Amino acid sequence: MTDLLSTLNSDQRAAVTAPASALILAGAGSGKTRVLTTRIAWLIQSNQVSPMGLLAVTFTNKAAKEMLTRLTSMLQLGYQNSTRGMWVGTFHGLCNRLLRTHHREVGLPQLFTILDSSDQLSAVKRVLRGLNVDTETFDPRKVQSFINQNKEAGLRADKVEAWDPYSRHLVEYYAEYDRQLNREGAVDFAELMLRAYELLSRNALLREHYQERFRHILVDEFQDTSRLQYLWLKLLKGPETALFAVGDDDQSIYAFRGANVGNMRQLMDDLHIAEPIKLTRNYRSVSVILDAANAVISRNEGRLGKDLWTEVGKGELIRHFQAADDIAEARFLVEEIQQRRREGDAYLDQAVLYRSNAQSRSIEHALFTAGIPYRVYGGLRFFERAEIKHALAYLRLAAFPDDDNAFMRVVNFPARGIGARGLEALDDQARGAGISLWAAACGAGKTTGKKFAAFVSLIEGLKHAIVGLPLMEQVEHVVAGSGLLEYYQNEKDGEDRVDNLNELANAAAGFAAESDEPTLEAFLGHAALEAGEHAAAQGQDAVQLMSVHSAKGLEFQTVFITGLEEGLFPHENSRNEAEGLEEERRLMYVAITRARRQLYLTHAQQRMLHGQIRYHLPSQFLQEIPENLVQSLTSRTRAPAAPRVANTRAENYHPRPVPRREANLPYKIGARVVHPKYGEGVVAAYQGQGAESEIKVIFPKVGDKWFILEYARLTALGA
DNA sequence: CCTGCCGTCGAATCC
DNA sequence: CGACGGCAGG
């Protein structure tokens with residue numbers, strides 16, 4: 001047991017062996033995951049708790065898996081022995097588990113559906129249509145975010161305060177949306193949390209049962225928990241339970257999703273913790289990188305306060321490159337990646353990070369053309385793909401035909417002559433009788449019902465055919481029997497989708513092998529919550545492409561942070577949000593601290609964005625890094641950006657046919673100008689071409705203004 | 001009543 | 001540049 005602790009530093013050891021509830025303020029690269037897993041191993045090994053008494057909450061499924069793997073090797077026991085009975089998962093995964101177990105108490109069918117955000121948006125649209133709401137006045141996306149914000153704050157429609165007519169309408173739609181989901185036995189992500197919270201808060205017996213069971217609750221990425229999640233944790237925490245929370249306020253990057261850093265101080269107040277245990281020794285990065293990270297984050301206010309340090313050496317300077325445009329930026333990446341590979345860095349250990357997923361396109365193009373293997377994380381997830389959702393809908397109908405969402409999705413896909421008219425009639429009938437669409441379809445009249453009857457018997461056929469089959473074969477059978485496979489085989493450009501459908505069967509096989517409950521029902525629940533990043537190409541030596549958000553928790557030998565431009569990173573929309581810039585800065589901090597040895601920072605003077613050429617200032621974050629840590633590569637001579645032609649390697653790739661026309665730019669970016677009304681300002685960006693060219697000027701007093709270039713009454717200020 | 005085309009509109013991060 | 005909604009033709 002001592003050997004578990006012997007390799008830890010004193011702060012880490014204090015954290016691992018904390019006798020009661022504790023808050024660990026763990027800097028990037030300070031061995032946070034290690035502390036968490038070692039604590040669990042230590043608690044089990046010293047017989048302070050059995051695996052049954054442990055609840056561990058992680059932020060992603062990946063982190064949960066990683067924790068279990070490490071734990072197994074630490075305890076040197078069989079996987080099953082060391083972890084059986086332990087509850088490990090994400091908040092949403094654990095809530096899902098609670099709700100499935102106690103589905104009767106919360107009034108849900110056992111096979112309730114989980115709606116992802118696009119499913120949710122469709123549901124909102126359906127509700128609004130049903131209420132004859134003008135979607136010009138009430139943007140469905142706004143309604144969706146209104147609903148989610150309130151759910152995340154723990155508020156049901158009848159508890160939301162609405163003082164003006166507009167809000168009262170929103171509340172009404174929220175209420176109707178919830179009624180609809182209840183009818184359908186469906187829950188959205190926020191509902192998983194809220195419903196589980198309500199279950200525990202209303203049912204004292206159940207609550208006490210879990211409070212007594214869980215002697216130790218461990219929470220990772222605590223800075224990213226929402227208000228409701230924190231209350232949920234407190235409900236599960238009994239008087240005898242030790243709550244062990246690990247977090248880093250400087251890495252809080254999910255405020256947009258309801259994360260509340262304030263939970264860290266709140267926890268200290270609530271549990272009478274005088275001081276957090278700080279882990280500031282960094283084992284990951286060379287000091288140049290840490291110094292840069294510290295310098296950037298020091299500009300934020302109200303931090304809990306800590307600076308990272310290391311005993312690893314200084315390392316190479318950070319390299320900065322300014323590219324003429326996004327294509328030149330991508331070409332720079334390709335050259336450097338190849339160079340580093342020649343010097344011994346595997347592709348796998350090089351990551352390209354960007355602020356938003358859309359930026360991956362030009363980078364992918366360049367890597368593809370150069371024949372460099374790469375892997376893109378995030379973006380459209382496996383289980384969010386249309387063909388996969390269709391297949392899952394058929395599977396769900398086979399298991400639980402009353403699922404209206406699944407019914408709607410595939411009743412006419414592949415097309416079988418059922419249109420909006422017929423569905424409307426069916427929907428009226430179902431509503432009138434208070435039954436599901438499926439039930440209505442089963443009893444559909446002779447005139448309209450023929451096509452429905454055919455669909456019903458198709459599903460019945462699938463249902464009977466898969467009884468008793470292993471999970472993978474169930475999936476294969478339904479994919480084929482539903483006609484989906486044939487449909488995509490006949491569609492041109494459908495090969496990827498066919499591949500994905502086959503991959504779904506593999507995913508099912510993989511799930512069956514890992515899960516202790518290899519049923520179709522469990523698989524369906526898993527699919528909604530899991531991103532579905534599969535073994536596919538996981539072992540391959542490929543460059544890693546991802547958003548900064550999805551890079552959190554990971555580390556790489558070499559990291560490229562790209563698109564460091566005002567408007568992109570920090571993102572434009574963050575300007576309008578309270579503390580938006582500070583969150584962007586934390587994001588930058590996360591990005592920097594992913595690198596072990598070498599960090600690259602790049603930005604482009606112009607780039608294609610949303611189908612238009614945009615001109616941006618370099619990101620302010622570049623200036624926040626002390627100059628003596630950075631080496632500029634920009635003076636290095638490079639060929640000017642030329643219109644690219646398809647490389648011989650890329651025969652299947654269709655490049656954008658864009659010899660770009662240089663716009664006429666009367667002022668340099670950053671030039672000082674005077675406007676007769678707004679006074680003195682600085683040119684920040686251009687967009688558009690020809691007569692549509694616009695210029696963005698930042699005025700210290702008035703803020704940002706866009707002008708049509710042709711009419712802008714600007715005068716250059718001598719400098 | 002379905003399918004395909006065209007136009008408009010929007011555009012960030014994720015469980 | 002892409003997704004989706006509306007409309008017209010089959």
Side-chain angles (χ1 to χ4, degrees), chain A residues 57-64 89-96 114-122 125 129 135-136 139-141 145 148 151-152 187-193 221 224-226 228-229 252-259 326 353-362 377-381 383-384 386 412-425 448 451 526-533 546-553 563 567-577 580 583-584 586-588 590-591 607-614 656-658 687:
Chain A
V57 191
T58 59
F59 201 63
T60 63
N61 292 297
K62 203 160 110 199
T90 62
F91 277 106
H92 291 93
L94 295 165
C95 287
N96 181 35
I114 300 170
L115 305 183
D116 68 22
S117 29
S118 69
D119 296 332
Q120 186 188 29
L121 184 60
S122 321
K125 284 180 182 167
R129 216 175 301 135
T135 48
E136 294 280 298
D139 177 359
R141 305 169 56 111
S145 88
N148 286 339
K151 285 193 179 183
E152 272 151 23
V187 300
D188 54 53
F189 283 137
E191 182 72 27
L192 276 175
M193 244 1 274
E221 308 280 12
D224 285 326
T225 52
S226 70
L228 185 62
Q229 286 166 340
S252 157
I253 55 174
Y254 284 99
F256 72 92
R257 202 174 90 188
D326 49 336
L353 309 185
Y354 32 78
R355 175 66 179 82
S356 56
N357 285 307
Q359 284 165 253
S360 74
R361 296 184 103 254
S362 52
Y377 288 78
L380 196 56
R381 291 143 184 283
F383 287 113
E384 284 170 9
N412 193 39
F413 193 92
R416 45 180 74 89
I418 297 173
R421 234 3 206 286
L423 277 175
E424 213 173 290
T448 53
K451 286 169 174 162
H526 157 92
L529 294 170
E530 171 83 47
E533 298 195 326
M546 65 191 80
S547 71
V548 181
H549 281 89
S550 35
K552 191 163 80 158
L568 253 191
F569 195 2
H571 197 277
E572 221 158 16
N573 299 356
S574 69
R575 295 183 69 97
N576 310 321
E577 287 161 26
E583 176 141 324
E584 295 290 306
R586 290 191 293 269
L587 207 46
M588 182 65 183
V590 168
R607 75 169 61 233
M608 190 62 109
L609 205 64
H610 310 321
Q612 272 190 318
I613 297 180
R614 306 259 315 220
R656 295 189 289 222
V658 278
Q687 74 167 21

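Every chain is numbered from 1, with letters handed out A, B, ... down the list of sequences. What you see is a predicted model; the values in this text were computed from it and never measured.
- When every heavy atom of A/Lys151 is checked against every heavy atom of A/Ala190, the shortest pair comes out as CB-CB, 3.6 Å.
- With B/dC14, B/dC15, B/dT13 as the choices, the nucleotide that has an atom nearest any side-chain atom of A/Tyr254 turns out to be B/dC14.
- Geometric assessment of A/Lys552 against the ring of A/Phe59 yields a positive cation-pi assignment under the 6.0 Å and 45° thresholds.
- Note: CG (A/Asp139) to C1' (B/dC9) measures 11 Å, nearest angstrom.
- For A/Asn96, no side-chain nitrogen or oxygen approaches OP1 or OP2 of B/dC15 to under 4.0 Å.
- The aromatic ring of A/Phe256 sits over the base of B/dT13, with ring centres less than 5.5 Å apart and planes inclined by under 30°.
- Atom pair A/Met588:CE and B/dT13:P shows a separation of 18 Å (rounding to whole Å applied).
- Rounded to whole angstrom, the span from the CZ atom of A/Phe383 across to the C1' atom of B/dC14 amounts to 17 Å.
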For nucleotides 4-7 of chain C, print each protein N/O atom paired with a nucleotide N/O atom at under 3.5 Å, atom names and distance only.
{"from": "C/dG5", "atom 1": "OP1", "to": "A/Lys125", "atom 2": "NZ", "distance (Å)": "2.8"}

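- Residue contacts shown for A/Arg141 are limited to sugar-phosphate atoms, with no base heavy atom under 4.0 Å away.
- Residue A/His92 has its side chain nearest to B/dC15 when only B/dC14, B/dC15, C/dC1 are considered.
- OP1 or OP2 of B/dC14 lies within a sub-4.0 Å distance of a side-chain N or O belonging to A/Ser547.
- A search for side-chain hydrogen bond (donor to acceptor under 3.5 Å, both in side chains) contacts involving A/Gln120 returns A/Gln144, A/Asn148, A/Tyr177, A/Asp188, not counting sequence neighbours.
- Rounded to an integer number of Å, the gap from A/Lys552 NZ to B/dC14 C1' is 11 Å.
- The side chain of A/Arg361 lies closest to C/dC1, out of B/dT13, B/dC15, C/dC1.
- Both A/Ser117 and A/Asn573 lie close to DNA chain B; mapped to their nearest nucleotides by heavy-atom distance, the more 5′-ward contact belongs to A/Asn573.
- Counting non-hydrogen atoms under 4.0 angstrom, A/Gly93 reaches nothing in the nucleic acid.
- When side chains are defined from C-beta on, A/Asn96 counts as touching A/Leu529, because their heavy atoms get closer than 4.5 Å.
- Atom CD1 of A/Ile253 and atom C1' of B/dC15 are 13 Å apart (whole Å).
- You'll find the side chain of A/Leu121 reaches within 4.5 Å of the side chain of A/Lys125, heavy atoms only.
- Remark: A/Phe569 pairs with A/Phe621 by the ring pair (Phe, Tyr, Trp, His ring centres under 6.0 Å) rule, at least two apart or across chains.
- Note on A/Asp116: nothing from the nucleic acid sits closer than 4.0 angstrom, heavy atoms only.
- Distance noted for atom C1' between C/dC4 and B/dT13: 23 Å (whole Å).
- The two residues A/Leu353 and A/Ala551 come nearest to each other via the heavy atoms CD2-CB, 3.8 Å.
- The side chain of A/Asn357 places no N or O atom within less than 4.0 Å of a non-bridging phosphate oxygen (OP1 or OP2) of B/dA12.
- Positionally, the nearest nucleotide of DNA chain B for A/Leu609 lies more toward the 5' end than for the other of A/Leu609 and A/Phe91.
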